[in-house]
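Labels below follow one simple rule: chain letters A, B, ... track the order of the sequence lines, proteins then strands, and each chain is numbered from 1.
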Amino acid sequence: MHSLSFELDAVPPFSFELTVHNPAGWHWYSPLEVFSGGRVWIALRLATGGVVGLRLESLGSVERPRVLLRVFSQLELAEAEAEEVLRSVEGLAGLREDMAGFYRAAEEDPILKQVVGDLYGMRDRAIFRDSVFTSALLAVAFQNAPINRTAQMLRLLITGYGERLDFDGKTSYMWPTPSAVLSASPGELAERCRVGYRAGYIRSVAEAVSSGACPTLGELAQMPFHEAKAELVKLRGIGDYSAEVILPHPESFPVDKWSAEIFWELFFPGEEMPPGAQAIRLVRRHAEERWGRWRRQAFTYVLCDRENLSKRLRAGPG
DNA sequence: GCGTCCAGGTCTACC
DNA sequence: GGTAGACCTGGACGC
């Protein structure tokens, strides 16, 4: 295999460790990525159709961040392909994202002040910066399922319809493309990936993405939040929750039954939580009033720091 | 063992 | 506009 190395800057503060290996125990880019000894390995498909294996590690510190990127490919990369890899990695890792505004806002909010202190320099997960289809697969797998079922569905989708890549002594997989998923019948998809009725949802999103009926992540980002959300909920299987999982807007707040319980405890301590949809509505409204355009960042930070927050809640004031 | 319930939503039918 | 019931699947639970 051919390999190339690059050193990338990031806008400080940037914590490589918290970003690619966050404390909530979630994957950064894919459930089948490899993380070991401070390095992360992922496989990526280029717009040209080529595939590359990537290994990332930190060379710097949170305040003087530098990332060492090693790129593995079967064929030598053209200059334009190498450039595409660099822009993709910058985008996936949020290297150019300036956190200053969010951190200033966090100073004024007791919850955010804690989570920013705990997770200083962390960026949102790469999977949400990849594509509409990838985020939609994640959102649909979360629907009406406990977390181990979600993990099972995602692994089977990736290993069944994603492309495998062996490089640098590791094995990784690319996320399935819409066309790979559409090559299977709904019955085959449901059976092989244990996704049940979600097979229809996954195929309908795949059709909308590949036909161009659904805007790309970049096009959605250019639209006002409510307009972009209206585009996504036109898709079969994409409702309020899934649309906000996918949307790259800072106003998105994809609260579900599980996260509503966490936010309820923070927003309304000691108050009994109303059933399902009502609690989600109240949490969503409170987050909008309290965190405004910072609510996506707040959502990510609070859920990644939920164990520290609940320890402090149990310990009480002081 | 076996039956029943239900989970990190969404859709449809019905009011 | 609001809401009950159905939907795949598999783990937990009671018997």
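- For the pair A:Leu156 CG and C:dT9 P, the computed distance is 12 Å after rounding to whole Å.
- The existence of a salt bridge linking A:Asp118 and A:Arg312 is confirmed by a sub-4.0 Å separation between a basic side-chain nitrogen and an acidic carboxylate oxygen.
- Nucleotides B:dA13 and C:dC8 are separated by 15 Å at their P atoms, to the nearest Å.
- Comparing C:dG5 with B:dC5, their P atoms are spaced 14 Å from each other, to the whole Å.
- The distance from atom CZ of A:Arg155 to atom P of C:dT9 is 20 Å, rounded to the nearest whole Å.
- Comparing the P positions of B:dC11 and C:dG10 gives an interatomic distance of 23 Å, to the nearest angstrom.
- One interatomic measurement links the two molecules: CD of A:Gln143 to P of C:dA6, which rounds to 19 Å at whole-angstrom precision.
- Residues that satisfy the salt bridge (charged side-chain N to carboxylate O under 4.0 Å, His left out) test with A:Glu207, not counting sequence neighbours, are A:Arg203.
- We find that CG of A:Asn144 is positioned 16 Å from P of B:dC5, with the value rounded to whole Å.
- Rounded to the nearest Å, the gap between the P atom of C:dG11 and that of B:dT10 is 24 Å.
- In this structure, A:Thr19 and A:Arg123 approach most closely via the heavy-atom pair OG1-N, 3.1 Å.
- The aromatic ring centroids of A:Tyr241 and A:Trp258 lie 6.0 Å or more from each other.
- Distance, A:Tyr197 OH to B:dC6 P: 16 Å, rounded to whole Å.
- Listed candidates were B:dA7, C:dC8, B:dC11. Nearest to the side chain of A:Arg149 is C:dC8.
- Dashed line: the shortest gap from a side-chain N or O of A:Gln152 to OP1 or OP2 of C:dG10 is under 4.0 Å.
- A close approach under 4.0 Å does not occur between any side-chain nitrogen or oxygen of A:Arg198 and OP1 or OP2 of B:dG8.
- Comparing A:Ile147 and A:Leu235 by the nucleotide of DNA chain B that holds the closest heavy atom to each, the one mapping nearer the 5' end is A:Ile147.
- A:Tyr29 and A:Trp175 have perpendicular rings, their planes meeting at more than 60° on a 0 to 90° scale where under 30° would count as parallel.
- Comparing A:Gly196 and A:Asn148 by the nucleotide of DNA chain C whose heavy atom lies nearest to each, the residue mapping closer to the 5' end is A:Gly196.
- Rounded to an integer number of Å, the gap from CZ of A:Arg125 to P of B:dG8 is 16 Å.
- The base of C:dC8 does not come close enough to the side chain of A:Arg194 for any donor and acceptor atom to sit less than 3.5 Å apart.
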* To do: Would you write the dot-bracket representation of DNA chain B, where each base gets (, ), [, ], | or . depending on whether it forms a Watson-Crick or G-U pair under 3.5 Å and with which partner?
  => |||||||.|||||||

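- Residue A:Ile280 contributes atom CD1, which lies 13 Å from atom P of C:dT3 at whole-angstrom precision.
- The ring-ring contact (aromatic ring centres under 6.0 Å, His included) with A:His286 is formed by just one residue from the set A:Phe268, A:Phe263, A:Phe253; it is A:Phe268.
- Listed by first and then second residue, the side-chain hydrogen bond (donor to acceptor under 3.5 Å, both in side chains) pairs that reach into residues 133-142 of chain A are A:Asp130-A:Thr134, A:Ser131-A:Thr134, sequence neighbours excluded.
- A:Arg192 forms a cation-pi arrangement with A:Tyr161, by the criterion of a distance under 6.0 Å to the ring centre and an angle within 45° of the ring axis.
- Residue contacts for A:Ser242: at a heavy-atom cut-off of 4.0 Å it reaches the sugar-phosphate backbone alone, with no base atom in range.
- The interatomic distance linking A:Asp256 (CG) with B:dG9 (C1') rounds to 9 Å, in whole Å.
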